[in-house]
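Okay, structure first, notes after.
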Amino acid sequence: MLFIELGSQVNGQVKRAVFDVLKMHVQVDGLVFPVLDILFGLYINYIYRHSLGSNSSKIGWLQGYFASLVMATGGGCTISLIRGEPIGILKSNEFWIIHSLAYWLMFATDLVYGVMRVLCNLPLVEYIFVVSDAYGRALTMVQYGVDGADVALGPGKWVAQFIFGVLGGAGGGFWLDSFQLAQPHWSFMTPQCLKCVSPDMKLSAVTTLLYMTLKYQWIPIDIAPGAEAQAYATLFLTAGLMYFTMMAKRQAAAAAVVVTKEKKDA
């Protein structure tokens with residue numbers, strides 16, 4: 001049987017590319033704020049306000065705060081509720097400080113929102129924020145979703161691991177879509193992802209399968225289960241989200257060109 005050998009040096013570099021970045025932090029009075037968490041807090045609240053458009057002024061403070069929490073943590077919280085475990089964000093004071101401050105900055109003034117809008121339109125800068133989203137999302141999927149199922153349900157529950165992995169990556173979007181949380185008035189409707197699987201859900205599913213393949217050594221390859229497998233899954237999800245971001249920008253630019261042309265023709 002063919003054995004795929006990448007080499008310990010390559011595997012080590014991949015692992016460091018993920019976990020060394022995750023270790024970057026700012027410490028204030030005994031509180032440790034991971035740099036990626038700060039970037040993600042700003043990014044997710046920017047995405048939420050941007051998705052609201054002109055409706056941002058119609059959203060109540062608590063309403064918007066709850067919706068942004070669902071966007072940021074819906075996947076992990078859904079897994080916790082299904083497994084009957086404490087919700088992870090309740091264990092972290094730092095999370096609440098980062099998310100609350102980022103939400104307040106994004107909605108209290110147009111300045112921070114305007115700065116984020118400029119930054120996200122600069123070449124490559126938005127990808128830095130995408131990395132913060134991808135790294136956190138991937139680790140929720142593989143560490144809490146897949147590996148956490150071994151602790152909660154016992155080893156070898158492959159179906160449950162796959163479900164929790166997908167929920168960890170796409171759970172927030174599922175609830176956002178189901179209850180129309182990006183609208184001023186919420187209402188329940190059949191989630192679009194149940195009618196047509198969203199790109200986020202597809203990417204989450206493929207990433208989960210990749211991690212489970214590496215975890216259980218379903219293919220002969222010299223990637224060790226644990227940190228190395230987690231690192232490869234994280235980089236795969238990151239590349240996928242970057243691709244989706246790039247395609248979304250191209251589609252938006254193409255649509256803008258069409259609108260401009262129609263206005264000129266009119």
Whether over 12 other heavy atoms sit under 6.0 Å from M189 CE:
yes
Which heavy atom of W186 sits nearest to which heavy atom of A67, and what is that distance?
CZ2-CB, 4.2 Å
For W175 and L181, indicate whether the former's side chain and the latter's backbone hold a donor-acceptor pair under 3.5 Å.
no
Backbone of D222 reached by a side-chain donor or acceptor of N11 within 3.5 Å:
yes
Please examine the side chains of V130 and Y43, heavy atoms only from C-beta on, and report whether any two atoms are closer than 4.5 Å.
yes
Drop me the distance from T208's OG1 to I163's CD1, to the nearest 0.5 angstrom.
11.0 Å
Stepwise side chain to side chain contact (heavy atoms under 4.5 Å, CB included) test for T234 and T238:
CA-CA 6 Å; T234 299; T238 301; 4.2 Å; yes
So which heavy atom on I87 is nearest to which on C77, and how close?
CG2-SG, 3.4 Å
How about CZ on F244, more than 12 heavy atoms from neighbouring residues, nucleotides or ligands closer than 6.0 Å, or not?
yes
Donor-acceptor contact present, side-chain D177 to main-chain Q192, <3.5 Å
yes
Could you check whether any side-chain N or O of Q63 sits under 3.5 Å from a backbone N or O of I59, counting only pairs where one atom can act as donor and the other as acceptor?
no
So, for S51 and A182, which heavy atoms are closest and what is the spacing to 0.1 Å?
OG-CB, 4.0 Å
Single-linkage hydrophobic cluster, 4.5 Å side-chain cutoff, V32 and L90 together
no
Taking NZ, NE, NH1 and NH2 as the nitrogens, is one of them in R137 or D200 under 4.0 Å from a carboxylate oxygen of the other?
yes
Could you give the distance from CG (L105) to CZ (R49), rounded to the nearest 0.5 Å?
11.5 Å
Is Y144 reachable from M141 through a run of hydrophobic residues whose side-chain heavy atoms are each under 4.5 Å from the next?
no
Under the criterion side chain to side chain contact (heavy atoms under 4.5 Å, CB included), I'd like the reasoning laid out for M246 against Y127: C-alpha separation, chi angles, the key distance, then a yes or no.
CA-CA 9 Å; M246 179 183 67; Y127 294 127; 3.4 Å; yes
Selection residues 239-249 - residue pairs positive for side-chain hydrogen bond (donor to acceptor under 3.5 Å, both in side chains), sequence neighbours left out
E126-K249
Is the charged tip of R83 near the ring of F164: under 6.0 Å from the six-membered ring centre and within 45° of its axis?
yes
Nearest-0.5 Å distance that lies between atom CD1 in I38 and atom CE in M24
10.0 Å
Rounded to the nearest 0.5 Å, what separates atom CG in L237 from atom OH in Y211?
14.0 Å
Which is it for Y103 and F107 under the ring-ring contact (aromatic ring centres under 6.0 Å, His included) test, yes or no, and what are the steps along the way?
CA-CA 6 Å; Y103 175 78; F107 281 84; 4.7 Å; yes
Stepwise, does the side chain to side chain contact (heavy atoms under 4.5 Å, CB included) test hold for L111 with T109?
CA-CA 5 Å; L111 176 62; T109 172; 3.5 Å; yes
Taking the ring of F40 and the ring of F129, is the distance between their centroids below 6.0 Å?
no
Can you confirm whether L167 sits close enough to I82 that some side-chain heavy atom of one is under 4.5 Å from a side-chain heavy atom of the other?
yes
Are Y135 and F19 close enough that some pair of their side-chain heavy atoms sits under 4.5 Å apart?
no
Min side-chain heavy-atom separation L36-H25 under 4.5 Å:
no
Counting only heavy atoms not in W104 (residues, nucleotides, ligands), do more than 12 fall under 6.0 Å from its CH2?
no
Heavy-atom pair of closest approach, residues F162 and A205:
CE1-O, 3.6 Å
For G76, does its backbone N or O pair with a side-chain atom of T73 as donor and acceptor, under 3.5 Å?
no
Heavy-atom closest contact (P225 atom, L214 atom, distance)
CG-O, 4.1 Å
F174 and S178, any side-chain heavy atoms less than 4.5 Å apart:
yes
Answer with yes or no whether the hydrophobic clustering places M212 together with V159; edges join I, L, V, M, F, W, Y residues whose side-chain heavy atoms lie under 4.5 Å apart.
no
Establish whether L153 and V151 are linked, either directly or via other cluster members, by ILVMFWY side-chain heavy-atom contacts under 4.5 Å.
no
Can you hop from V166 to I79 via hydrophobic side chains spaced under 4.5 Å?
no
Residue pair N45 / M106: nearest heavy atoms and the distance that separates them:
O-CG, 3.6 Å
In terms of heavy-atom contacts, does CG of L62 have more than 12 from other residues, nucleotides or ligands at under 6.0 Å?
no
Any side-chain heavy-atom pair of L22 and P34 under 4.5 Å:
no
Regarding Y48 and S56, do their side chains bring together a donor and an acceptor under 3.5 Å, going by distance alone?
no
Backbone of Y65 reached by a side-chain donor or acceptor of S68 within 3.5 Å:
yes
State, with a plain yes or no, whether a side-chain heavy atom of Y113 is found less than 4.5 Å away from one of H50.
yes
Kindly say whether I223 contributes a backbone atom to a donor-acceptor pair with the side chain of Q217 at under 3.5 angstrom?
yes
Can K215 and D147 be counted as an ion pair, charged N to O under 4.0 angstrom?
yes
Gap separating the CD1 atom of I44 from the OG atom of S132, nearest 0.5 angstrom:
8.5 Å
Spacing of Y46 atom OH and R117 atom CZ [to the nearest 0.5 Å]:
6.0 Å
Please tell me if the side chains of E94 and I97 come closer than 4.5 Å, counting only heavy atoms from C-beta onward.
no
Does anything in residues 154-174 pair up under side-chain hydrogen bond (donor to acceptor under 3.5 Å, both in side chains), and if so which pairs, sequence neighbours excluded?
D150-Q161, Q161-Y216
